[in-house]
Amino acid sequence: MSEPAFRSDATPRPGLRIALLGYRSNPYSGGQGVYLKYVSRALVDAGHRVDVISGEPYPELDTRVRLIKLPGLNLYAADNHVTALRPRHLLSPTDFFEWWSMLTGGFPEPYTFGRRLARSSRALRLGEYDVIHDNQSLSYGVLSLQQRLPLVTTIHHPITWDRDIALAHAGTWQQRLLIRRWHNFLNMQTRVARRLRHIVTVSERSRRDIASAFGIPEERIRVIHNGIDTETFRPLPGLRRDDLHLITTASADQPLKGTQHLIPAFAALCHRYPALRLTFVGRPRPGGTTEALIDRHGVRPRIRFVHGISADQMRELYATATVAVVPSEYEGFGLPAGEAMACGTPVVSSDGGALPEVVGDAGLIVPARDPMALANAIATLLDDEARRRELGERGRSRILRQFAWSRAAEALTSLYTEVRR
């Protein structure tokens, strides 16, 4: 593999020089690319110089943030990852391990990103940075940097929750075996987390769960809430809200996100509201559990799936929705809830993970894994326009008051200053 290319940037800037690391940074799905985009921009706004070193898929960044690409095999983007191996990959133990691990059902990207980073550390001039900030790769290669560089690590939530919820919903022993194999990287992440000196997480709930899952004292973990982009996600008064239009954003086939509870709740509501429809921001796996559940309840004509949309398109969807629904069994923070609230869209949320910390008293919160409670709360808002308006205004106000990226950058700056001493 060739060494990463650098773009020259001779403009001096005040503040710290920070390297943000991301093993994969998809800008459209998952929270890691979103986190890198906004935290890097907020840190630049605070006067720092920021480079993002990322594996594929790459994030979308502010023009003031330099992206340094650290490519791997990006097998999830290959038409057929079984045949994606090329002769040159046999010359690289890291490339071959990534291919072989995925071929046998594993998820090797955090590990192989760390290996590539450590191997390229001289070419990447990591020693010139004041702080290295890892975005949850929790890999051996990144840990090795801690002996000579100030290292901060964000853990959004322990992936042990994803594994355990997936196992609870698995129908066969073969599915459970595949789930355990895919999550095998957690053995590495547990060992690495216990040896990290400076850990950040994004909610009080995540702090408790990380401490429990990884055997780390809570006092070693600092909470710095995520922010919400309130300029992009904002009310659009010129657009009229539709009647009887629900919106949800979730990875459709991940039990963690609660789609298995939303579909029966939606089906129950359709009997009461014949014109009700649901826009689902996500893409179900063809023939997967979500499609089977939709067909079982006979609601396919009422559901529209969209994916790969821009933030502006997302804002317009929120602006025209009657109610946003967040049915997750667990969230380490809950960006979809925060973005909907920032748009002034009334929210019905489960109490999964940290969602109550984000929603507070600005939405309706119901027990996770309870379709009827979810349906009843949605019906409450569908029947009460004044309550919807009140919660929409309260939600926007709460996000503006408590979840600004500038506050996150200020708290991170304090931490960076501490770790450099």
Side-chain angles (χ1 to χ4, degrees), residues 1 4 18-27 29-37 39-40 50-59 61 67-76 93-95 97-98 101-102 106-121 123-124 126 129 131-163 182-202 206 210 213-214 216 221-222 224 226 332-333 412 415-416 419:
M1 182 187 72
I18 302 160
L20 289 173
L21 311 179
Y23 68 88
R24 66 170 17 241
S25 309
N26 194 318
S29 63
Q32 295 194 59
V34 172
Y35 182 79
L36 285 177
K37 174 181 179 178
V39 80
S40 63
V50 182
D51 294 345
V52 169
I53 304 173
S54 176
E56 299 168 89
Y58 301 118
L61 301 172
L67 173 62
I68 300 173
K69 298 178 179 180
L70 193 65
L73 301 188
N74 198 21
L75 293 172
Y76 283 97
T94 303
D95 288 352
F97 176 85
E98 184 168 318
S101 179
M102 187 169 176
F107 180 60
E109 289 183 358
Y111 171 75
T112 53
F113 173 80
R115 280 182 59 95
R116 292 183 179 107
L117 183 80
R119 190 182 68 187
S120 303
S121 62
L124 292 168
L126 294 184
Y129 292 101
V131 177
I132 309 295
H133 186 161
D134 177 38
N135 188 27
Q136 197 163 319
S137 76
L138 298 175
S139 61
Y140 296 127
V142 174
L143 178 65
S144 69
L145 303 176
Q146 184 172 249
Q147 303 308 314
R148 55 192 176 88
L149 296 167
L151 175 67
V152 170
T153 300
T154 293
I155 305 177
H156 295 273
H157 74 271
I159 307 300
T160 51
W161 276 85
D162 305 52
R163 179 198 62 196
W182 193 88
H183 287 92
N184 193 53
F185 67 93
L186 282 170
N187 294 325
M188 172 189 71
Q189 292 201 332
T190 300
R191 296 188 190 102
V192 169
R194 290 172 178 168
R195 295 170 60 188
L196 292 169
R197 296 175 189 148
H198 306 288
I199 299 173
V200 171
T201 193
V202 297
S206 279
I210 291 165
F214 295 147
I216 302 170
I221 305 168
R222 184 171 304 196
I224 299 177
N226 286 334
F333 180 74
L412 284 170
L415 177 58
Y416 295 157
V419 306

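Values below: all heavy atoms of this structure, side chains included; hydrogens, waters and symmetry mates excluded. For clarity, every value in this text was computed on a predicted model and none was experimentally measured.
The line from CD1 of I216 to CD1 of I210 is 7.5 Å long, rounded to the nearest 0.5 Å. The CD1 atom of I132 lies 10.0 Å from the CD1 atom of I18; values are rounded to the nearest 0.5 Å. One finds the CD atom of Q189 at 6.0 Å from the CZ atom of F214 (value rounded to the nearest 0.5 Å). The CZ atom of F185 sits 9.5 Å away from atom OG1 of T190, with the distance rounded to the nearest 0.5 Å. Between the OG1 atom of T112 and the OH atom of Y23 there is a distance of 10.5 Å, given to the nearest 0.5 Å.
Partners of F97 under the ring pair (Phe, Tyr, Trp, His ring centres under 6.0 Å) rule, at least two apart in sequence or in another chain, are Y111. Remark: Q146 pairs with L143, L151, L196, R197 by the side-chain contact (heavy atoms from CB on, under 4.5 Å) rule, at least two apart or across chains. Legend: residues meeting salt bridge (Lys or Arg N to Asp or Glu O under 4.0 Å) with R24, ordered by chain and number and at least two apart, are E109. Shown here are the salt bridge (Lys or Arg N to Asp or Glu O under 4.0 Å) partners of R222, two or more places apart in sequence or in another chain: E418. Here R148 pairs with S121, L145 under the side-chain contact (heavy atoms from CB on, under 4.5 Å) rule; sequence neighbours left out.
The shortest side-chain heavy-atom distance between S137 and F113 falls under the 4.5 Å cut-off. A heavy-atom distance below 4.5 Å is found between the side chains of F107 and Y76. Side-chain atoms of K69 and S54, non-hydrogen and from C-beta on, never get closer than 4.5 Å to each other. Within the 4.5 Å cutoff, side-chain heavy atoms of L149 are placed close to those of L126. With contacts defined as side-chain heavy-atom distances shorter than 4.5 Å, the pair S139/V192 does not qualify. Contact annotation: the side chain of T201 never approaches that of T154 to less than 4.5 Å [non-hydrogen atoms, C-beta and beyond]. The side-chain heavy atoms of I53 and L117, taken from C-beta on, include a pair separated by under 4.5 Å. Contact annotation: the side chain of L21 never approaches that of H133 to less than 4.5 Å [non-hydrogen atoms, C-beta and beyond].
Summarising the geometry of G141 relative to A118, their closest heavy-atom pair is O-CB, 3.9 Å, with the distance given to 0.1 Å. The minimum heavy-atom distance linking V152 with L415 is given by the pair CG1-CD2, 3.9 Å. The shortest non-hydrogen separation linking R116 to P71 is CD-O, 3.6 Å. Closest non-hydrogen pair, G332 versus V202, comes out as O-CG2, 3.6 Å. Taking both residues in full, the closest heavy atoms of S40 and L61 are given as OG-CD2, 3.9 Å, listed atom of the first, atom of the second, then distance. Scanning both residues, T153 and Q136, for their nearest heavy atoms gives CG2-N, 4.5 Å.
Side-chain contact check for Y129 and D51: at least one donor-acceptor pair (N or O, by modelled atom type) lies under 3.5 Å.
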Acceptor/donor pairs from residues 155-162 side chains to any protein atom, 3.5 angstrom cut, sequence neighbours excluded:
residue, atom, partner, partner atom, Å
H156, NE2, N135, OD1, 2.7
H157, NE2, D162, OD1, 2.7

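Of the possible polar contacts, none joining the Q32 side chain to the G22 backbone as a donor-acceptor pair under 3.5 Å is found.
The side-chain hydrogen bond (donor to acceptor under 3.5 Å, both in side chains) with Y140 is formed by just one residue from the set R115, R191, R195; it is R191.
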